[in-house]
Colleague: 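Take a look at the following structure, please.
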Amino acid sequence: MKRLYHAVLGGAMLRGASRLIATADQERQELLNGGIPDRKIVVRRNGIDVPAEFPPQAAFVTNGTLPIM
């Protein structure tokens, strides 16, 4: 179904876009493989920032406050 969509509508829409946002390098590569020029692709990852150090286990229970990271 996805391939049919891209063949009929999506491909033209992607080619006509001034910029495309990929959420991973794999998605970027799929866009490149689909003929989208590299200059149109911006990688903007989803996710969270992982702290360098986590609070001690059960910190909330011990002192009654949520640690701010």
Side-chain angles (χ1 to χ4, degrees):
M1 189 70 153
K2 186 176 179 180
R3 287 183 184 166
L4 177 63
Y5 169 80
H6 283 300
V8 176
L9 297 172
M13 200 172 3
L14 292 176
R15 285 187 297 278
S18 60
R19 294 283 186 276
L20 294 167
I21 299 171
T23 57
D25 291 327
Q26 178 182 350
E27 188 175 14
R28 178 185 169 277
Q29 191 58 53
E30 289 172 4
L31 291 168
L32 290 169
N33 292 345
I36 304 299
D38 186 51
R39 70 185 188 310
K40 288 187 170 188
I41 304 170
V42 176
V43 178
R44 166 65 171 78
R45 288 167 174 55
N46 287 333
I48 59 169
D49 291 330
V50 178
E53 188 176 310
F54 288 98
Q57 190 170 6
F60 175 73
V61 176
T62 312
N63 63 19
T65 61
L66 286 174
I68 298 174
M69 295 182 207

Colleague: Would you check if L31 and R28 make a side-chain contact, meaning some heavy-atom pair closer than 4.5 Å?
Modeller: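 Contact flag for L31/R28 side chains = no.
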Colleague: With rounding to the nearest 0.5 Å, note down the distance linking CD in Q29 to CD1 in I36.
Modeller: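 Q29 CD to I36 CD1: 12.5 Å, rounded to 0.5 Å.
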Colleague: Between the side chain of K40 and the main-chain N/O of R15, is any donor-acceptor distance below 3.5 Å?
Modeller: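 Present.
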Colleague: Could you pull out every donor-acceptor pair under 3.5 Å between side chains of residues 19-27 and any protein atom, sequence neighbours left out?
Modeller:
{"unit_1": "T23", "atom_1": "OG1", "unit_2": "E27", "atom_2": "OE1", "d": "2.7"}
{"unit_1": "D25", "atom_1": "OD1", "unit_2": "R45", "atom_2": "NH2", "d": "3.2"}
{"unit_1": "D25", "atom_1": "OD2", "unit_2": "R45", "atom_2": "NH2", "d": "2.9"}
{"unit_1": "Q26", "atom_1": "NE2", "unit_2": "E30", "atom_2": "OE2", "d": "3.4"}
{"unit_1": "E27", "atom_1": "OE1", "unit_2": "T23", "atom_2": "N", "d": "2.7"}

